[in-house]
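Each chain gets a letter, A, B and so on, in the order the sequences are listed, and its residues count up from 1.
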Protein chains: 2
Amino acid sequence: MVIMTRTCEPDTRDTDVRVAVSTVIFSVRRDAHDEPVLSLPLVRRTRDPFEGRWALPGGWLDAQESLDAAASRTLAETTGLTPSYLEQLYAFGVVDRSPTRVVSIVYWALLRSDEVDAQVAAHARQDDAPENVEWFDATDLPALAFDHNEIVEYTLWRLRNKVGYSRIAHGLLPDEFTLADLREVTETILGRRLDPANFRRQVDTSDTLIPTERFRTGSHRPARLYRYNRDVELAERGPLTSRL
Amino acid sequence: MVIMTRTCEPDTRDTDVRVAVSTVIFSVRRDAHDEPVLSLPLVRRTRDPFEGRWALPGGWLDAQESLDAAASRTLAETTGLTPSYLEQLYAFGVVDRSPTRVVSIVYWALLRSDEVDAQVAAHARQDDAPENVEWFDATDLPALAFDHNEIVEYTLWRLRNKVGYSRIAHGLLPDEFTLADLREVTETILGRRLDPANFRRQVDTSDTLIPTERFRTGSHRPARLYRYNRDVELAERGPLTSRL
DNA sequence: ACAAAAGTGTTGAGAATACACCCATGG
DNA sequence: CCATGGGTGTATTCTCAACACTTTTGT
């Protein structure tokens, strides 16, 4: 094992690096035609590398916070919200152009659409909408800074994968939701339609949902509201990710 | 986004941290009864935190190397070998006791058992076996330094998972191997016996193996030798991990 | 009554499993 | 020739996608 003493010099010669944390934040929002769109917030860069380009929200890791905490803080600073789901994605050791060495740790998160809507509405009322932050269609992004396009692509792949064997789509929904809600969100993530009958069977054989006695009454037959069963979390994830 | 200037001070006040890379290195070795055992090399610590305890091999990230390269180097320094498979596992942001902040990035790797055997034999001949390095049964470890027990546990879970839907067991075998070899390695990873007939069907419907015209002649009917088909790699992994 | 969504039942195709059976070789 | 592992065939079970069908509401 290589052991180096921590020296104090202006140039980056030894093992000191800076750690950045970025987060791909997904939520399902409605477009002009009221269609659900898988969306993510981006930040416009205001300084040199890639100035003016859109980038993933992020920041530097503080000395006294954990990686997860840094991701949450980043997310709060950008959207003012707490994630309903947060998972580490990958660590990138860029050796590029930068004068100082940077290691970038990427997280991905889900936000409940109702909270996003409320927050955006509040900002609109108080006229304090954050500058340089905008929501984009995750499947139709402009050219981003750094390799952020690839990162989003990978995250999207991971999300689509995970929605198949795990039940995380509820992370985009309020506490209580109908199966149609859950199915619509899942369809938005996957980009294809699902059979309502089979979808119902899959979720209720997986024991991830608790039926309530409440119903949503709409223009047709009322739909039962469900609630997420938090006791399932441990089994389906790995030993480490369950720490979140 | 928070931007901080890089200052030079003796204490860790700002965003500078050190990045360590550790690797869980798996190989299948034979015990005294010639039974295959999923094994990994550990290093005995020679300094203070957890002095004397066994730990995962690792080292500090150099300023000019990528994360993957650092993992490979670490692995070479410990075992003198190149991995047949290398994948990033997780980044840990320990905020503990340490005076300087450390972020630890953990990889896991597979080594071909024939190369390990050759290397160990060479060391034995030249009497230069590395000090403080020993192979352990991955399923029966002593109390390790830091949280390395949990990390190995998670890696083991990941490996067992992956051996189910992907075909990575070949990473533990020589270029040419019989289906019995591959099955034995898979059984060792999973810790349970598999049906030879069904195992055969599964691998040859997955198109990951190329049959050769060579056979291994033993005490019974000769078994056909197979070779791994490298063209499959791209499809089964995610966009990013395929960079390895 | 009717349109439309909620919810149930049925069927068929393909994958996973268990296991019976034949093949080829060294002793 | 026979014990043993290599290799094939087949029946059973299970999961999953497709879709017909019944139920319940608002209009």
Under the side-chain hydrogen bond (donor to acceptor under 3.5 Å, both in side chains) test, which residues partner [X], sequence neighbours left out?
X: B/Arg224; answer: none
X: B/Glu176; answer: B/Arg214, B/Arg227
X: A/Thr139; answer: A/Asp137
X: A/Arg200; answer: none

Would one find a side-chain N or O of B/Gln202 under 4.0 angstrom from OP1 or OP2 of C/dT17?
-> yes
Ion pair present between A/Glu87 and A/Lys162, side-chain N to carboxylate O less than 4.0 angstrom?
-> yes
Charged N to carboxylate O under 4.0 angstrom, A/Asp175 versus A/Arg112?
-> yes
Nearest whole Å is fine: how far is [N] [atom2] from [X] [atom1]?
X: B/Asp181; N: D/dG7; atom1: CG; atom2: P; value: 11 Å
X: A/Arg200; N: D/dA17; atom1: CZ; atom2: C1'; value: 17 Å
X: A/Phe215; N: D/dG26; atom1: CZ; atom2: P; value: 13 Å
X: A/Tyr165; N: D/dC16; atom1: OH; atom2: P; value: 15 Å
X: A/Leu190; N: D/dA17; atom1: CG; atom2: P; value: 11 Å
X: A/Leu179; N: D/dT23; atom1: CG; atom2: P; value: 20 Å
X: B/Asp195; N: D/dG7; atom1: CG; atom2: P; value: 14 Å
X: A/Arg193; N: D/dA18; atom1: CZ; atom2: P; value: 14 Å

Is the side chain of [X] donor-acceptor paired with the backbone N or O of [Y] at a distance under 3.5 Å, no angle test?
X: A/Asp147; Y: A/Glu150; result: no
X: A/Tyr107; Y: A/Asp68; result: yes
X: B/Ser166; Y: B/Val163; result: no

Nucleotides 21-27 of chain C: protein proximity per nucleotide (B base, S sugar-phosphate only, - neither; heavy atom, under 4.0 Å) = --BBBS-
Close N/O contacts between protein and nucleotides 9-12 of chain C (under 3.5 Å):
unit_1: C/dG9; atom_1: N7; unit_2: A/Arg201; atom_2: NH1; d: 3.3
unit_1: C/dG9; atom_1: O6; unit_2: A/Arg201; atom_2: NH2; d: 2.9

